[in-house]
Protein chains: 2
Amino acid sequence: MTVDADPLTATFAALADPTRRAILARLTRGEATVGQLAEPFDVSLPAISKHVKVLQRAGLVEQTRRAQWRSCRLRPEPLRDVVTWMEQYRDFLGDSLDRLDHYLTDLQKGDRP
Amino acid sequence: MTVDADPLTATFAALADPTRRAILARLTRGEATVGQLAEPFDVSLPAISKHVKVLQRAGLVEQTRRAQWRSCRLRPEPLRDVVTWMEQYRDFLGDSLDRLDHYLTDLQKGDRP
DNA sequence: CGGTTAATTAACTACACAGGAAAATAGGTC
DNA sequence: GACCTATTTTCCTGTGTAGTTAATTAACCG
C-alpha cells in the first residue's frame, strides 16, 4: 500500500489486520492513550504506535495531545464509506442495505448528526 | 498477509486493492472468465489471475472450469461477514445497522435464502 | 536543570505482495 | 500428434509492512 492510496483502499488495508481491528474495538469503549491500547497485546509499544498511525492515515482514529499523552478516539466516517461502498452489493446481501442506504442519504441531508 | 489468515483479515486484505474491487463490481453484472475480467485493465493477464486467486482465497469469488475457461462468480458470504463485523460499531454508524443485524439473524434462521 | 514517563523515529530484519516476462498446463480442434 | 487458446505457474524485481531494539523527542516533576 502506497501512502497516497485512495480512502477506501487505505481503510480496507487498515482493517486487514487483527491487531488494528482489536484496537478499534477497544476504542468503542472510549478514548485511550497509545500505552493503554498496547496493554492487551504482546507486542512492543512502537509496533502499536505504527498500527495507530495506519489507522490515523485511514481516518479511523484521531489523536489529540494532552501533555505527553496521545489520546486516541474513534472516527466513524471511513466505516460509513465502507457501508456506502457495500451498497452496490445489496442484491447479493439482501434488501436491508436499501434501508441503510436511505438512512445514509438522510444523514447527508442533515436529518441526524 | 499470510496464507492462513483468519477469514475477516483475508477479506479486508482482498478488498484493499482497487483492481480487485473493480473485479468484484464487474462480477455483480454476471459471471466472467479471467480473460474478460482482465479486459478493462491495463495490466497483464497473470496479474489479474493472481488478483482472482486472492479473491478466491477470501471466498469472494468462486471459479468453475468450463473447458479451458475459468468462469468466475461472486460469493456474498464474506461481505455479509464484513457487515456482521461492523455491527459492533452500530452506535457510531447509526441505528440502521440494528435493522441489518435483525435481517442477518433472520437469515441465519432460514427465513430467507 | 536532572530525571521520569509517553510516544515516536530510526535502523534493521523478515516476509508478503503487485507487477512483468517467460514457461508450463489444460482443453479443444484439426 | 501438432496447434491454438485460456489460464496458471515460475522466477524475478521493487516496494510495503510487521516486528524488533535503540535512540530521540516531548512534556511534566522535583
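By convention in this document, chain letters (A, B, ...) are assigned in the order of the sequence lines, proteins followed by strands, and residues within each chain are numbered from 1. Everything quoted here is computed from the prediction, not taken from an experiment. FYI, side chains are in, hydrogens and waters are out, and symmetry mates aren't considered; it's all heavy atoms of this structure.
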query = A/Leu37 has an atom CG; how far is it from atom P of C/dT8, in whole Å?
reply = 10 Å
Phosphate OP1/OP2 of C/dA18 contacted by B/Arg20 side-chain N/O (<4.0 Å) = yes
request  = Measure the distance from CG on A/Asp17 to P on C/dC15 and round it to the nearest whole Å.
outcome  = 18 Å
Per B/Lys53 side chain, nearest of listed nucleotides D/dT7, D/dT9, C/dA7 = D/dT9
task = Decide yes or no, distance alone: a donor-acceptor N/O pair under 3.5 angstrom between the base of D/dT7 and the side-chain of B/Lys50.
result = no
ask   = Just to confirm, is there a sub-4.0 Å distance from OP1 or OP2 of D/dG19 to any side-chain nitrogen or oxygen of A/His51?
value = yes
task = Could you tell me the separation between the CG atom of A/Asp42 and the P atom of D/dT20, rounded to a whole number of Å?
result = 8 Å
task = For A/Leu15 and D/dA18, give me the distance from atom CG to atom P, rounded to whole Å.
result = 12 Å
task = Examine D/dT7: is either OP1 or OP2 under 4.0 Å from a nitrogen or oxygen in the side chain of B/Gln63? Give yes or no.
result = no
key: Phosphate-side-chain proximity, B/Gln36 and D/dA6, N/O vs OP1/OP2 below 4.0 Å   = no
inquiry  = Using whole Å, what does the distance between atom C1' of nucleotide C/dA18 and atom CG of B/Leu55 come to?
reply    = 14 Å
message = If you only use heavy atoms from C-beta on, which nucleotide in C/dG20, D/dT20, D/dT7 is closest to the side chain of A/Pro46?
response = D/dT20
query = Does any pair with a residue in residues 12-45 of chain A pass ring-ring contact (aromatic ring centres under 6.0 Å, His included), and if so which ones, sequence neighbours excluded?
reply = A/Phe12-A/Trp85
ask   = Would you say A/Arg57 reaches D/dT17's phosphate, i.e. side-chain N/O to OP1/OP2 under 4.0 Å?
value = yes
request  = Would you indicate, yes or no, if C/dG20 has its OP1 or OP2 atom less than 4.0 angstrom from a side-chain nitrogen or oxygen of B/Ser44?
outcome  = yes
inquiry  = Is A/Ser49 close enough to C/dA7 that one of its side-chain N or O atoms is under 4.0 Å from OP1 or OP2 there?
reply    = no
key: Derivation and outcome, side chain to side chain donor-acceptor pair (under 3.5 Å), residues B/Asp6 and B/Thr9   = CA-CA 5 Å; B/Asp6 65 283; B/Thr9 299; 2.5 Å; yes
ask   = Who passes salt bridge (charged side-chain N to carboxylate O under 4.0 Å, His left out) against B/Arg65, sequence neighbours left out?
value = none
request  = Determine the minimum heavy-atom distance between A/Leu27 and A/Arg73, stating which atoms define it.
outcome  = CD1-C, 4.5 Å
remark   = To the nearest angstrom, the CD-C1' distance between A/Glu39 and C/dA7 comes to 15 Å
task = Examine D/dA18: is either OP1 or OP2 under 4.0 Å from a nitrogen or oxygen in the side chain of A/Thr19? Give yes or no.
result = no
